[in-house]
Every structure is written in C-alpha cells, then in structure tokens.
Trainee: 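Just passing along the structure, written as structure tokens.
This is a predicted model, so every value here is computed, not measured.
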Amino acid sequence: LPQVAIKILKKRRRDHFLTDLPDALLGVANMLKAGSNLALALETLVEEMPGPISQEFGLLLREMRVGVPIDDALDNLYRRMPVTELQLVVAGMKISREVGGSLADVLSRLAETIRRRLEMEGKIKSLTAQGKMQGVVMSVLPLFIGFLLYHIEPKAMRHLFYDPAGWGVCAVIVVGEYLGYRFIKKIVSIDV
C-alpha cells in the first residue's frame, strides 16, 4: 500500500510540474529577452512559481551556485523529474549553449510545443474516457451479477464455489475478465 501511495504522489507531482512547465519556460524566455542572464531568470522563476516547478528549478539553481556544471545540473534536474517534455527542454538548453543562438527563442518555442502537446493529450483523454469506463463496467458487472445471483439462488451458485468444475469455471471467468480489461485498456490507450 505505501508503494502505491508513493506512485500516486509521484504521478501527481509530475503532472503538476508538467502543467506548469510551459508557463515557466515562457517566463524564463521573456526575462532572457528583457536582458537578464539565465541565473537571474531562474531565480525570479523560483520566487514566483508555485509547487514543484520552484522546488526543482531551485535545486538546479543551487547546484549551479555550488559549482556544478550547468550540463550536469540539467541532467540532475531530468533525473529527478523524468518527463519527456523536460528532456526536450534540457536537450534544447544544452544545444543552445553549445551551438549558440537565442536561448529565449528556443525556450519559447519549446513552451509552445509542450503546451500544444498537453492540449492534445487532454483531448485524447477526454475522448477515450468512455472506453476506459466501459472496461471498468465490463470487469465489475459480471462480479456484481454473480453476487446478486448468489443471494437470489444460493443453492445453484454454491456449485460454483464448492465443486472442482465450478473452480474451473471461476478460473476461466477470472482469466476472461482480466484479458477483456487488458484488451479494452490497450485499445483506448493512445500514445502521443
């Protein structure tokens, strides 16, 4: 149970981070366009943004102040918050530092790309919600009907639980339920 709770909390934190990431990138890009350096822009971002964005970028800023090279600090940021969108940001910042060019333009384009991607994922989630709910109903409905039949006609349903043939039927039901749920989940899972 603690492992499940930790997974749920990590997912919530990643989702919150990802939701705020485009705004944070646009803020940093605007500060860079206004003439401030990256460290000052990150410091302002840490002071103004809430939640995991300020914490993670605050750790990045502290690592940079201690003397960790910026490439290593960016890698550590991605290691702490492993979302693919952040990997794009880290790669864009590294390439911009090596090749040159406007980091502000790179960050603003990445922010727009991430925003569009999140919007598309939201649309897909809303369109596949019905299919996911069908999978849940399909899995729970036979169990509910079996429970009702057991209370309506206990003598007939008793064979299902006390005879070896009934155990086989129960095993087939469980396997069928599991396979049906997995198939429906696979059908409605769309990777963007």
Side-chain angles (χ1 to χ4, degrees), residues 1-129 131-132 182 185-192:
L1 194 60
Q3 294 293 334
V4 173
I6 289 171
K7 266 187 184 177
I8 290 171
L9 291 174
K10 279 184 179 180
K11 184 178 181 338
R12 277 189 197 163
R13 182 173 170 84
R14 267 189 243 124
D15 290 344
H16 193 76
F17 179 86
L18 194 55
T19 303
D20 291 343
L21 186 60
D23 294 332
L25 293 177
L26 277 178
V28 171
N30 290 335
M31 285 182 265
L32 291 174
K33 285 178 186 176
S36 65
N37 61 7
L38 182 61
L40 184 62
L42 288 175
E43 191 174 315
T44 307
L45 172 78
V46 168
E47 290 172 2
E48 292 181 3
M49 290 295 288
I53 287 281
S54 65
Q55 294 168 352
E56 295 299 331
F57 280 100
L59 283 172
L60 172 75
L61 196 58
R62 279 186 232 132
E63 285 179 349
M64 288 169 49
R65 285 182 185 155
V66 170
V68 175
I70 190 164
D71 289 346
D72 293 340
L74 288 170
D75 288 337
N76 293 339
L77 173 65
Y78 176 67
R79 200 172 299 119
R80 287 190 306 267
M81 194 62 61
V83 290
T84 56
E85 289 80 0
L86 185 61
Q87 186 179 18
L88 290 172
V89 172
V90 168
M93 289 178 79
K94 284 181 179 180
I95 291 170
S96 178
R97 285 180 45 80
E98 289 174 11
V99 175
S102 175
L103 180 61
D105 291 339
V106 170
L107 292 179
S108 61
R109 274 188 253 126
L110 281 171
E112 187 60 33
T113 302
I114 292 169
R115 191 180 308 272
R116 285 184 186 159
R117 183 173 176 168
L118 290 176
E119 187 177 303
M120 182 71 70
E121 285 177 356
K123 286 180 183 178
I124 289 172
K125 279 182 185 177
S126 67
L127 291 173
T128 59
K132 289 179 183 177
R182 294 297 294 175
K185 187 171 180 166
K186 197 71 154 167
I187 289 169
V188 298
S189 295
I190 298 172
D191 191 23
V192 179

Trainee: How far does CD of E112 sit from CG of L25, to the nearest 0.5 angstrom?
Mentor: 11.5 Å

Trainee: The test is salt bridge (Lys or Arg N to Asp or Glu O under 4.0 Å); show your working for E121 and R117 and say whether it passes.
Mentor: CA-CA 6 Å; E121 285 177 356; R117 183 173 176 168; 3.6 Å; yes

Trainee: Where is the tightest heavy-atom contact between A104 and L32, given as atom of each residue plus distance?
Mentor: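 Nearest pair, atom of A104 first, then L32: CB-CB, 3.9 Å.
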
Trainee: Begin with the C-alpha distance, continue with both residues' side-chain angles, and end with the deciding distance and a verdict on side chain to side chain contact (heavy atoms under 4.5 Å, CB included) for T128 and I187.
Mentor: CA-CA 9 Å; T128 59; I187 289 169; over 6 Å; no

Trainee: Closest heavy-atom contact between V46 and F57?
Mentor: CG2-C, 3.7 Å

Trainee: Measuring from E85:CD to R115:CZ, what's the distance to the nearest 0.5 Å?
Mentor: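 It is 13.0 Å, given to the nearest 0.5 Å.
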
Trainee: Rounded to the nearest 0.5 Å, what separates atom CE in M81 from atom CG in L86?
Mentor: 8.0 Å

Trainee: Could you walk me through whether K11 and D15 pass salt bridge (Lys or Arg N to Asp or Glu O under 4.0 Å), step by step?
Mentor: CA-CA 6 Å; K11 184 178 181 338; D15 290 344; 3.0 Å; yes

Trainee: Out of curiosity, T19 OG1 to I114 CD1, how far, rounded to the nearest 0.5 Å?
Mentor: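 Here the rounded value is 11.5 Å.
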
Trainee: Do R14 and P82 have side-chain heavy atoms sitting under 4.5 Å apart?
Mentor: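 Heavy-atom side-chain distance check passes, below 4.5 Å.
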
Trainee: Measure the CG-CG distance between L40 and L45 for me, rounded to the nearest 0.5 Å.
Mentor: 11.5 Å

Trainee: L59 versus L77: any side-chain heavy-atom pair under 4.5 Å?
Mentor: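 No, too far: nothing below the 4.5 Å cut-off.
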
Trainee: Is any side-chain heavy atom of V68 closer than 4.5 Å to a side-chain heavy atom of R62?
Mentor: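 No; the side chains remain at least 4.5 Å from each other.
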
Trainee: Considering all heavy atoms of both residues, which atom of L118 and which atom of L18 are nearest to each other, and what is their separation?
Mentor: CD1-O, 3.3 Å

Trainee: May I ask you to check whether over 12 heavy atoms, not counting those of K10, lie within 6.0 Å of atom NZ?
Mentor: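 Open: at most 12 neighbouring heavy atoms sit under 6.0 Å from NZ of K10.
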
Trainee: With no hydrogens and no angle check, is any side-chain donor or acceptor of S96 less than 3.5 Å from a backbone partner on G92?
Mentor: no

Trainee: Would you indicate whether the side-chain heavy atoms of I70 and L38 approach each other to under 4.5 Å?
Mentor: yes

Trainee: For Q55, run the side-chain contact (heavy atoms from CB on, under 4.5 Å) check against M49, R80, R13 and tell me which one passes.
Mentor: R13

Trainee: If you define the side chain from C-beta out and look only at heavy atoms, does anything of K33 sit under 4.5 Å from D105?
Mentor: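 Yes - at least one pair of side-chain heavy atoms lies under 4.5 Å apart.
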
Trainee: For the side chain of S36 and the backbone of M31, is there at least one donor-acceptor N/O pair under 3.5 Å apart?
Mentor: yes

Trainee: Taking the side chain as every heavy atom from C-beta outward, state whether V106 and M93 have any atom pair closer than 4.5 Å.
Mentor: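 No, side chains not in contact.
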
Trainee: Would you say that N76 contacts R79 through its side chain, given a criterion of any heavy-atom pair below 4.5 Å between the two side chains?
Mentor: yes

Trainee: In Å and rounded to the nearest 0.5 Å, what is the CZ to CG distance from R97 to D71?
Mentor: 5.5 Å

